[in-house]
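The structure appears below as structure tokens.
Lettering follows sequence order; numbering is per chain, from 1.
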6 protein chains.
Amino acid sequence: MKENSLSFLGSTKNFQQAQGVIFGAPFDGTTSFRAGARFAPANMRENSYGIETYSPYQKRDLEEIQFFDAGDLEIPFGNPEKALDLVENFTQKILDHKKIPIMLGGEHLLTLGSVRALFKHYPNLHVIHFDAHADLRDNYLGEVLSHATVMKRILDFLGNHKIYQFGIRSGEKEEFTLAKTCTFLNPFNLKGIGKILPQIQNIPLYITIDLDVLDPSIFSGTGTPEPGGVFYHELQDAIMQLKGLNIVGFDLCELSPHYDSSGVSTLVACKVLRECLLSFLK
Amino acid sequence: MKENSLSFLGSTKNFQQAQGVIFGAPFDGTTSFRAGARFAPANMRENSYGIETYSPYQKRDLEEIQFFDAGDLEIPFGNPEKALDLVENFTQKILDHKKIPIMLGGEHLLTLGSVRALFKHYPNLHVIHFDAHADLRDNYLGEVLSHATVMKRILDFLGNHKIYQFGIRSGEKEEFTLAKTCTFLNPFNLKGIGKILPQIQNIPLYITIDLDVLDPSIFSGTGTPEPGGVFYHELQDAIMQLKGLNIVGFDLCELSPHYDSSGVSTLVACKVLRECLLSFLK
Amino acid sequence: MKENSLSFLGSTKNFQQAQGVIFGAPFDGTTSFRAGARFAPANMRENSYGIETYSPYQKRDLEEIQFFDAGDLEIPFGNPEKALDLVENFTQKILDHKKIPIMLGGEHLLTLGSVRALFKHYPNLHVIHFDAHADLRDNYLGEVLSHATVMKRILDFLGNHKIYQFGIRSGEKEEFTLAKTCTFLNPFNLKGIGKILPQIQNIPLYITIDLDVLDPSIFSGTGTPEPGGVFYHELQDAIMQLKGLNIVGFDLCELSPHYDSSGVSTLVACKVLRECLLSFLK
Amino acid sequence: MKENSLSFLGSTKNFQQAQGVIFGAPFDGTTSFRAGARFAPANMRENSYGIETYSPYQKRDLEEIQFFDAGDLEIPFGNPEKALDLVENFTQKILDHKKIPIMLGGEHLLTLGSVRALFKHYPNLHVIHFDAHADLRDNYLGEVLSHATVMKRILDFLGNHKIYQFGIRSGEKEEFTLAKTCTFLNPFNLKGIGKILPQIQNIPLYITIDLDVLDPSIFSGTGTPEPGGVFYHELQDAIMQLKGLNIVGFDLCELSPHYDSSGVSTLVACKVLRECLLSFLK
Amino acid sequence: MKENSLSFLGSTKNFQQAQGVIFGAPFDGTTSFRAGARFAPANMRENSYGIETYSPYQKRDLEEIQFFDAGDLEIPFGNPEKALDLVENFTQKILDHKKIPIMLGGEHLLTLGSVRALFKHYPNLHVIHFDAHADLRDNYLGEVLSHATVMKRILDFLGNHKIYQFGIRSGEKEEFTLAKTCTFLNPFNLKGIGKILPQIQNIPLYITIDLDVLDPSIFSGTGTPEPGGVFYHELQDAIMQLKGLNIVGFDLCELSPHYDSSGVSTLVACKVLRECLLSFLK
Amino acid sequence: MKENSLSFLGSTKNFQQAQGVIFGAPFDGTTSFRAGARFAPANMRENSYGIETYSPYQKRDLEEIQFFDAGDLEIPFGNPEKALDLVENFTQKILDHKKIPIMLGGEHLLTLGSVRALFKHYPNLHVIHFDAHADLRDNYLGEVLSHATVMKRILDFLGNHKIYQFGIRSGEKEEFTLAKTCTFLNPFNLKGIGKILPQIQNIPLYITIDLDVLDPSIFSGTGTPEPGGVFYHELQDAIMQLKGLNIVGFDLCELSPHYDSSGVSTLVACKVLRECLLSFLK
């Protein structure tokens with residue numbers, strides 16, 4: 001008899017052949033409003049069987065691609081720097097195997113760990129950032145490591161003009177001011193993606209999707225829901241527009257499943273992941 | 001004193017004069033993900049008094065039409081074939097009275113019972129199918145009777161090119177392949193309805209609305225919510241476009257009220273039913 | 001040490017300098033379907049810290065304007081006339097200080113109290129009314145004071161052609177008939193606002209927002225949710241269109257927070273209030 | 001075909017033979033904390049089919065007794081005196097048929113309407129009162145009709161030493177002081193019932209059960225839950241102890257079903273009603 | 001890298017050394033009121049990490065015993081007989097390895113599959129049954145396979161006086177009558193366990209725990225909650241009383257996790273399983 | 001006009017006369033299972049008006065004592081040591097005013113901050129600890145500051161035989177072993193309190209109540225619910241037994257209100273606080 005396994009829908013059992021490696025990062029220690037993103041990866045695996053492996057949007061099936069589900073990191077509570085180190089090290093390990101790291105948060109700060117590891121491999125790394133919030137604060141109540149400061153921390157070492165932000169509709173005035181000179185910030189919607197495509201061909205790209213970029217009508221299960229977001233089909237279109245680019249890693253963050261008793265948010269996250277896998281992997 | 005009755009908003013007490021007959025079919029035994037549609041008909045009756053009898057969309061009032069609420073069938077659990085027989089027999093009985101059967105599911109498999117009965121009366125019956133899922137599998141884990149196979153079972157006896165499918169955004173690759181040759185499948189939205197109207201004038205039509213065709217943002221209370229669906233006003237428009245056709249029966253399925261603690265899904269189902277009654281009955 | 005205070009995000013501690021005065025009116029005694037709006041003002045204050053003070057839509061911060069939060073009225077239960085008197089008197093008091101009254105309902109009937117007070121100061125007062133429901137019944141089960149009759153009661157003394165209604169999608173036939181001759185009623189959406197702007201320049205305006213004008217997908221936490229409503233960004237746009245008019249008072253009503261376990265509805269109400277403050281105050 | 005009826009589990013269709021008559025009183029307008037008891041009667045009928053007609057406690061079946069379900073009164077909102085009149089008149093009508101009135105609240109104030117009618121028939125009426133709250137305030141924020149004043153209003157005309165209160169664990173100091181001289185108040189539990197039995201043989205008794213007498217662990221679906229209450233089996237025992245007395249009417253109040261998403265509270269209310277019917281009717 | 005596994009807390013990876021084998025049976029097709037038990041096994045595994053491996057009650061740790069988690073059976077929907085066959089065959093397979101089968105339901109009917117397999121090995125098998133319901137109906141709406149008939153089906157082949165029932169507080173009169181002559185039925189509580197211990201020494205025993213034997217105050221997440229049940233510590237004591245007996249298999253059934261939004265019911269089920277493992281395995 | 005204030009029910013506006021000072025500590029960063037205790041203090045204040053100021057248990061009213069509500073500390077996220085410093089410093093400040101500190105958590109780790117401050121004033125400080133969990137781990141996944149290690153951290157500097165633990169029913173074997181030599185641990189219930197009373201007369205005592213000591217049936221709104229706990233009336237009795245001792249500080253921790261949609265847990269916490277105030281203050 002075989003021990004129970006629980007991997008994301010459509011994942012392979014063969015690590016060697018996998019192009020991408022999923023791992024969960026169940027940490028939400030710096031969440032500023034409502035925590036709970038720690039439960040996202042396990043909840044997504046369990047409910048992924050509520051959707052199909054086939055995408056009629058992309059006319060492609062998860063069984064046509066190869067990705068491996070490596071389970072969750074064991075992250076202690078109350079220590080953000082350690083959480084980042086664990087994410088960075090594991091991402092590094094995946095890169096050493098020449099595979100694409102795919103992180104399921106957890107909160108958005110964890111993206112810093114992934115991007116740190118990728119930046120070492122790809123000094124010209126650019127980041128495409130979907131989010132309701134600019135995440136460009138320099139600190140939050142004095143703490144420099146926070147889900148509200150993560151893009152600023154990435155900006156610190158990545159350098160100006162390498163971060164593309166979409167869907168942003170919340171932040172302090174200073175964040176929007178900073179964005180004017182340092183990032184490409186497309187507020188409120190995702191319409192600007194088409195314009196940037198010519199500039200980012202062949203450049204190594206990391207895609208980070210804070211799922212609260214979606215409108216809370218379709219994604220209420222998150223820590224800091226922000227009305228006025230994008231609808232599901234807009235995010236679907238954006239993901240498909242990015243097909244064919246040089247995507248070297250990506251993540252989905254900030255699903256907090258306990259805040260949506262209908263279970264819809266988790267299914268949305270699963271479908272977004274399916275579509276990303278089908279669009280970003282070969 | 002009179003015994004307590006609980007009928008859908010605006011129904012008549014006069015069976016003879018009724019043009020349509022509502023009945024509930026509280027069965028959800030083949031639901032593949034989350035059951036609970038059995039509670040839909042009673043929940044709809046109770047909450048129907050949360051909406052008005054008048055539709056400002058159609059400028060028409062439920063009191064201008066005549067329909068009778070015959071209550072729920074008593075369906076045992078765990079026996080899909082028996083459930084179908086009960087639905088088929090009751091539909092037959094309504095047809096014998098020369099009235100229009102209006103089924104409130106319950107799960108979508110039950111539509112097979114209704115259509116079986118109607119097909120005997122109307123050999124040229126066509127079906128208009130609103131759904132997130134193609135429901136064209138040949139079996140589901142070996143079972144041929146399932147809410148995921150219902151349109152395939154209907155296709156089996158109705159014949160090709162008589163089923164019009166709208167809003168479909170989920171299924172196995174094989175279902176979409178089958179649809180290409182056997183049904184008219186309009187994926188993702190309801191925009192194609194205008195085009196088919198000329199072809200279906202005067203043809204006896206059955207309308208089956210799996211309410212999960214709606215986006216989960218407005219209809220989370222269902223067994224297999226699928227993001228990327230149609231908004232309420234799109235379904236409203238579609239219902240009004242079908243006015244004046246030869247509609248000989250219709251149903252609403254797959255409301256699972258316990259999965260929406262806000263109660264909105266049930267009110268949506270009630271409003272959809274009101275609009276169908278006002279559009280489909282004379 | 002200082003006693004705990006809990007005021008809406010961004011409010012000032014300086015009453016004298018305030019241009020607007022917020023007060024809560026926790027009453028829901030005539031609610032026809034699901035009560036609970038009494039909990040709205042306290043719930044909004046508590047959760048207002050889940051959003052930012054800065055609006056990237058208006059490029060303006062709550063810290064640039066001056067408003068004071070005067071807390072909740074103490075309203076007894078079961079006595080609508082007394083509730084109205086309390087609201088009227090408090091509104092009067094704010095007007096005596098030459099400040100703008102901003103009421104957080106509670107149910108929509110309370111708007112009658114506010115408008116009564118304002119009408120005494122501004123005999124040419126006009127009312128802009130956002131709502132899913134016409135609220136033009138003459139009585140509700142015999143009661144003339146009800147959240148379903150409030151606009152009729154206001155019409156009674158304000159006179160014809162002074163009420164502009166937007167987003168209305170529910171009511172009895174008689175209400176829509178009455179609206180034809182007595183109010184400007186724009187059904188289903190908010191598109192007609194641009195047209196009326198030229199007519200209402202300089203006229204003293206009261207804005208009443210029954211939050212159920214929003215679609216239940218984004219605002220399920222309300223007593224009588226009505227599908228087919230406006231999306232958040234449509235209401236956002238409408239609020240911004242009203243900037244620069246002579247707004248002498250406004251209210252937000254009918255948030256019933258317990259019906260939305262996700263907490264999103266309360267955040268929506270907070271954001272709507274922020275945007276109203278930034279648009280309606282100088 | 002027959003119109004849909006929805007009566008409480010085990011009720012008879014034969015009014016003439018019925019010994020007791022159930023009616024619902026969907027009103028909650030004076031509720032001081034969380035409203036929603038208006039939904040109780042309909043919710044109880046719908047869910048009563050989740051329990052059995054047979055009681056192994058009493059070894060008796062609902063089919064061995066005769067009671068009729070007359071449905072709900074149509075009560076307007078926002079007018080407590082009118083609500084009381086409607087209850088009083090309907091109770092009177094049941095008494096005119098020489099049957100036992102059985103009211104399903106709604107809030108506890110409504111008991112005043114029932115007791116008023118019964119007092120006219122039975123000048124020596126005594127009341128047995130199960131509740132967490134003393135309900136002996138003279139007014140609540142100035143209002144004399146309130147669910148917090150109901151026992152005081154009854155005391156006003158019934159006279160001293162005719163009210164037996166059990167399970168009381170909340171109230172103002174003045175209420176407990178008043179109780180010392182005017183009622184028999186047994187705090188915290190139901191243990192004193194045995195003692196009073198000898199005194200109340202043959203006296204006409206009205207039993208009013210505010211279901212919040214139960215501990216919120218088993219009955220969270222109520223407006224003012226109060227920890228430290230009685231367990232289900234204690235209330236079961238108390239109901240059985242009252243068997244054989246001269247019970248001329250009874251009610252169950254203050255189920256507010258929307259506050260218990262598990263549905264357990266409604267099932268508890270149904271079981272309490274079943275046990276009361278089996279114990280109090282012949 | 002290793003693929004993600006998700007086994008119940010404290011399970012071993014070594015099948016050979018295991019004394020007991022856990023498997024999930026996610027089927028709820030005959031549930032008479034509220035379905036959802038299909039989600040129990042996965043939900044229990046995921047949340048089992050919310051409790052400890054050590055029991056201070058038994059002063060024993062899960063790491064001191066050996067059990068293996070074989071995952072869930074793949075059971076189709078809508079076919080109870082097939083579900084039973086799958087359970088029976090898998091149980092048989094475990095017995096062939098000379099290990100103790102431990103089933104996590106799913107609904108209670110599935111126990112029939114397990115007991116069928118065990119009865120072949122142990123013709124003198126006796127069953128200890130914890131439940132709120134007698135489950136002794138001969139059929140339910142005509143169906144002989146139902147969660148309400150399961151003990152009758154077992155009685156059919158096991159023979160009289162071999163079933164011990166505890167905690168029973170609901171059923172039809174006929175079930176209690178049948179129990180008098182055919183089973184040992186201890187109503188309402190678990191107090192009779194001590195008495196039967198001398199009779200069942202050395203006899204091969206199957207323990208089936210329908211978790212709704214617990215009071216809904218501590219276990220609301222079940223399909224047919226029945227007030228008046230046993231408290232957690234009473235079930236804990238009962239489990240410990242059975243230590244040292246010849247237990248050849250056991251199951252836990254009828255957790256329906258979606259009906260308890262607090263998550264407590266699942267934790268209760270996990271703790272009950274931990275205590276059973278520590279008490280029943282050597 | 002006065003700014004809105006929101007203080008716990010019955011608190012005084014006069015700081016000077018207050019004997020006790022309440023403050024909230026909204027931090028839950030080391031919570032091991034489900035976070036959310038950060039929302040407890042604000043939620044308790046808002047809902048405290050759902051209970052009465054008078055206690056019929058103690059025959060005493062909050063208006064007979066003097067306590068001040070100083071609001072919440074502003075604690076950053078993700079930095080447990082800083083959170084402890086903020087708590088310690090604020091506690092120190094209260095002690096400097098010769099008043100009794102009363103902390104509303106937040107998570108249980110915060111008790112370490114309070115006890116640190118008190119230990120400086122009272123070198124012979126003893127701690128009475130109500131909890132489901134021993135909290136005696138030396139570290140949790142390597143972190144020494146955690147809600148699972150808090151009593152060990154306190155033990156480190158307080159010394160052996162000064163901590164009395166009640167209601168403990170969960171922990172690792174090592175914690176129970178440690179307790180044998182270092183603390184007084186009374187497992188499962190609160191019965192041992194009477195015995196220790198003679199030993200602790202006149203000794204300065206800190207009372208820490210992790211509210212999960214209560215059974216999840218009455219207190220589901222907590223991060224790590226543990227079945228088999230004490231009932232409300234048992235905790236009530238224990239609080240009253242401690243009356244008259246030399247209590248120099250106390251706290252209530254681990255209410256996580258979002259996990260109990262019924263709102264009962266918050267009301268329980270409010271009532272426990274009321275009873276502590278009435279029993280522990282003079």
> Rounded to the nearest 0.5 Å, what separation is found between the CE atom of C/M1 and the NE2 atom of F/H97?
Replying inline: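 Going from the CE atom of C/M1 to the NE2 atom of F/H97 covers 6.0 Å.
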> For C/D215, which residues count as a side-chain hydrogen bond (donor to acceptor under 3.5 Å, both in side chains) partner, sequence neighbours excluded?
Replying inline: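 Expected list: C/S217.
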> Non-hydrogen atoms of chain F under 4.5 Å away: do they reach the side chain of C/E46, the backbone, both or neither?
Replying inline: side chain
> With only heavy atoms counted, which part of C/I94 is less than 4.5 Å from chain F, the side chain, the backbone, both or neither?
Replying inline: both
>> What residues of residues 65-80 of chain C make heavy-atom contacts with chain F at a cutoff under 4.5 angstrom?
In response: C/F68, C/D69, C/A70, C/G71, C/D72
> With chain C, which of F/F23, F/F39, F/F15 has the greatest number of heavy-atom pairs at distances under 4.5 Å?
Replying inline: F/F15
Using atom types as modelled, flag every donor-acceptor pair under 3.5 Å from a side chain in residues 112-123 of chain C to any protein atom, sequence neighbours excluded.
residue	atom	partner	partner atom	Å
C/R116	NH1	C/E88	OE1	2.9
C/R116	NH2	C/E81	OE2	3.4
C/K120	NZ	C/E88	OE2	2.8

>> Which residues pass the side-chain contact (heavy atoms from CB on, under 4.5 Å) test with F/S261, not counting sequence neighbours?
In response: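 Result, side-chain contact (heavy atoms from CB on, under 4.5 Å) vs F/S261: D/S261, E/S261.
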